[in-house]
Participant: 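What follows is a structure written as structure tokens; I'll ask about it next.
If you read the sequence from its start, that first residue is 1, and numbering goes on from there.
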Amino acid sequence: MTRKTLVAAVKEAATELGLCFHSGFRHQMNQSIVAYPALWAVPPKIIAANGTREGQITYRTTVYLMSMEPKASQDAKDNTWELLEQTALQLARAIGEKKHIAGVTVTDCSPAEYALTNHGDIAVAMTFDARIFFCNL
């Protein structure tokens with residue numbers, strides 16, 4: 001249930017920020033994104049777990065925030081990256097405020113070197129850790 005909780009929180013926060021939500025492994029990205037601005041969420045992985053019947057699980061995941069701007073100048077790319085970074089940090093705050101999420105720590109947020117799809121997008125990758133409480137009574 002905790003994995004689903006995190007993905008639902010990411011989807012809800014992305015939608016609130018006006019991002020078209022998608023998820024899956026990175027190799028599926030090019031075939032799936034049809035609307036921009038978009039967010040692609042890679043499946044989360046467990047990096048820590050405490051407790052047996054109740055406790056906390058920490059997931060690490062990466063999301064890609066993308067804007068469609070083919071053939072943009074370097075200045076335009078810099079402006080878009082800055083906007084996407086701000087949106088990524090807003091996303092992290094919004095996820096941290098969702099039900100069952102104990103906290104979010106951004107570990108990396110950086111511009112993508114090249115387009116992630118064949119649409120000519122500009123993207124930022126954000127990796128974060130999300131702590132979620134669980135109870136299995």
Side-chain angles (χ1 to χ4, degrees):
M1 193 62 161
T2 52
R3 174 182 293 274
K4 289 181 180 180
T5 300
L6 177 57
V7 173
V10 173
K11 182 177 183 176
E12 184 179 344
T15 302
E16 289 169 359
L17 290 171
L19 301 168
C20 185
F21 176 84
H22 303 277
S23 65
F25 292 101
R26 238 185 116 207
H27 72 274
Q28 300 167 308
M29 194 182 299
N30 197 42
Q31 302 141 0
S32 302
I33 296 177
V34 294
Y36 291 87
L39 177 136
W40 185 272
V42 173
K45 64 180 178 180
I46 295 173
I47 61 166
N50 302 312
T52 51
R53 289 186 168 270
E54 57 185 53
Q56 181 176 290
I57 294 178
T58 303
Y59 284 99
R60 177 166 292 155
T61 194
T62 300
V63 294
Y64 297 89
L65 289 84
M66 293 169 271
S67 178
M68 170 60 90
E69 295 189 38
K71 300 181 182 177
S73 69
Q74 189 59 48
D75 282 344
K77 286 181 183 180
D78 288 338
N79 292 336
T80 301
W81 282 327
E82 186 168 341
L83 179 62
L84 290 173
E85 286 170 353
Q86 291 170 4
T87 304
L89 296 175
Q90 289 173 348
L91 178 78
R93 282 192 297 276
I95 294 167
E97 295 171 356
K98 300 298 177 198
K99 187 176 181 182
H100 302 298
I101 307 292
V104 171
T105 302
V106 175
T107 59
D108 183 60
C109 187
S110 58
E113 239 180 284
Y114 49 86
L116 301 176
T117 69
N118 61 5
H119 303 141
D121 56 85
I122 296 173
V124 165
M126 177 178 70
T127 300
F128 65 92
D129 297 345
R131 295 171 305 286
I132 301 174
F133 292 118
F134 69 90
C135 181
N136 296 326
L137 297 177

Participant: Sequence neighbours excluded, which residues qualify as side-chain hydrogen bond (donor to acceptor under 3.5 Å, both in side chains) partners of T62?
Facilitator: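 Once residues adjacent in sequence are excluded, the partners of T62 under the side-chain hydrogen bond (donor to acceptor under 3.5 Å, both in side chains) criterion are T127.
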
Participant: Identify each donor-acceptor pair in which a side-chain atom of residues 99-106 lies under 3.5 Å from a protein atom, sequence neighbours left out, and give them as a table.
Facilitator:
residue : atom : partner : partner atom : Å
T105    : OG1  : R131    : NH1          : 3.2

Participant: Would you list the pairs meeting ring-ring contact (aromatic ring centres under 6.0 Å, His included) in which at least one residue belongs to residues 42-94, sequence neighbours left out?
Facilitator: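 For residues 42-94: none.
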
Participant: Do the non-hydrogen side-chain atoms of F134 and T5 ever get within less than 4.5 Å of each other?
Facilitator: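 They are not in side-chain contact.
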
Participant: Can you name the residues that form a side chain to side chain contact (heavy atoms under 4.5 Å, CB included) with S23, not counting sequence neighbours?
Facilitator: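 For S23, the residues satisfying side chain to side chain contact (heavy atoms under 4.5 Å, CB included) (neighbours in sequence not counted) are F21, A41.
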
Participant: List in chain and number order the residues that pass side-chain hydrogen bond (donor to acceptor under 3.5 Å, both in side chains) with N79, two or more places apart in sequence or in another chain; answer none if no residue qualifies.
Facilitator: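 If we apply the side-chain hydrogen bond (donor to acceptor under 3.5 Å, both in side chains) test to N79, skipping adjacent residues, there are no hits.
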
Participant: Would a hydrophobic clustering, with Ile, Leu, Val, Met, Phe, Trp and Tyr connected at side-chain separations under 4.5 Å, put L39 with M68?
Facilitator: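 As far as the 4.5 Å side-chain criterion goes, M68 and L39 are not connected within one cluster.
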
Participant: Between T61 and V42 (side chain of the first, backbone of the second, donor and acceptor by atom type, cut-off under 3.5 Å), is there such a pair?
Facilitator: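 Pair found, side chain donor or acceptor close to backbone of V42.
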
Participant: Would you mind telling me which of I46, N50, L6, I47 makes a side chain to side chain contact (heavy atoms under 4.5 Å, CB included) with I57?
Facilitator: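 Single side chain to side chain contact (heavy atoms under 4.5 Å, CB included) partner of I57 among I46, N50, L6, I47: I46.
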
Participant: If we only count heavy atoms from C-beta on, is the C20 to H22 side-chain gap below 4.5 Å?
Facilitator: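 Side chain of C20 against side chain of H22, heavy atoms only: contact under 4.5 Å found.
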
Participant: Same cluster for I33 and V124 if Ile/Leu/Val/Met/Phe/Trp/Tyr side chains link at under 4.5 Å?
Facilitator: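 Different hydrophobic clusters.
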
Participant: With sequence neighbours excluded, give me every salt bridge (Lys or Arg N to Asp or Glu O under 4.0 Å) pair touching residues 13-25.
Facilitator: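 Of all non-adjacent pairs touching residues 13-25, those that pass salt bridge (Lys or Arg N to Asp or Glu O under 4.0 Å) are E16-K98.
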
Participant: Determine whether I122 and M126 fall in the same hydrophobic cluster, where Ile, Leu, Val, Met, Phe, Trp and Tyr are linked whenever their side-chain heavy atoms lie under 4.5 Å apart.
Facilitator: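 Yes, same cluster.
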
Participant: Would you mind reporting whether T117 and W40 have side-chain heavy atoms less than 4.5 Å apart?
Facilitator: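 No - every pair of side-chain heavy atoms lies 4.5 Å or more apart.
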
Participant: Could you tell me which residues satisfy side chain to side chain contact (heavy atoms under 4.5 Å, CB included) with A115, sequence neighbours excluded, listed by chain and number?
Facilitator: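 Testing A115 for side chain to side chain contact (heavy atoms under 4.5 Å, CB included), a comparison that skips the adjacent residues, returns D121.
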
Participant: Using the salt bridge (Lys or Arg N to Asp or Glu O under 4.0 Å) rule, collect all pairs that involve residues 107-117, keeping only residues at least two apart or in two chains.
Facilitator: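 Listed once each, the pairs would be none.
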
Participant: In chain order, what residues pass the side-chain hydrogen bond (donor to acceptor under 3.5 Å, both in side chains) check against E85, with sequence neighbours excluded?
Facilitator: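 Applying side-chain hydrogen bond (donor to acceptor under 3.5 Å, both in side chains) to E85 gives none.
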
Participant: Might you point out which heavy atoms bring A35 and A38 nearest each other, and give the distance in Å?
Facilitator: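 So the minimum-distance heavy-atom pair works out to O-CB, 3.4 Å.
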
Participant: How long is the straight-line distance from CG of L84 back to OG of S110, given to the nearest 0.5 Å?
Facilitator: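 Here the interatomic distance stands at 12.0 Å.
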
Participant: State, yes or no, whether a side-chain contact exists between L65 and P37 at a heavy-atom distance under 4.5 Å.
Facilitator: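 In short, these two side chains do not touch, never coming nearer than 4.5 Å.
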
Participant: Would you name the heavy atoms of M66 and A123 that are closest together and state the gap between them?
Facilitator: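 That closest heavy-atom pairing would be CG-CB, 3.6 Å.
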
Participant: Side-chain donor-acceptor contacts of residues 87-94 below 3.5 Å, not counting sequence neighbours, with atom names and distances?
Facilitator:
residue : atom : partner : partner atom : Å
T87     : OG1  : L83     : O            : 2.9

Participant: Checking T15 now: which residues fulfil side-chain hydrogen bond (donor to acceptor under 3.5 Å, both in side chains) with it, not counting sequence neighbours?
Facilitator: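 None.
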
Participant: Give me each pair satisfying ring-ring contact (aromatic ring centres under 6.0 Å, His included) with a member in residues 102-123, each pair once, sequence neighbours excluded.
Facilitator: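 Applying ring-ring contact (aromatic ring centres under 6.0 Å, His included) to every pair that reaches into residues 102-123, excluding sequence neighbours, yields Y36-H119.
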
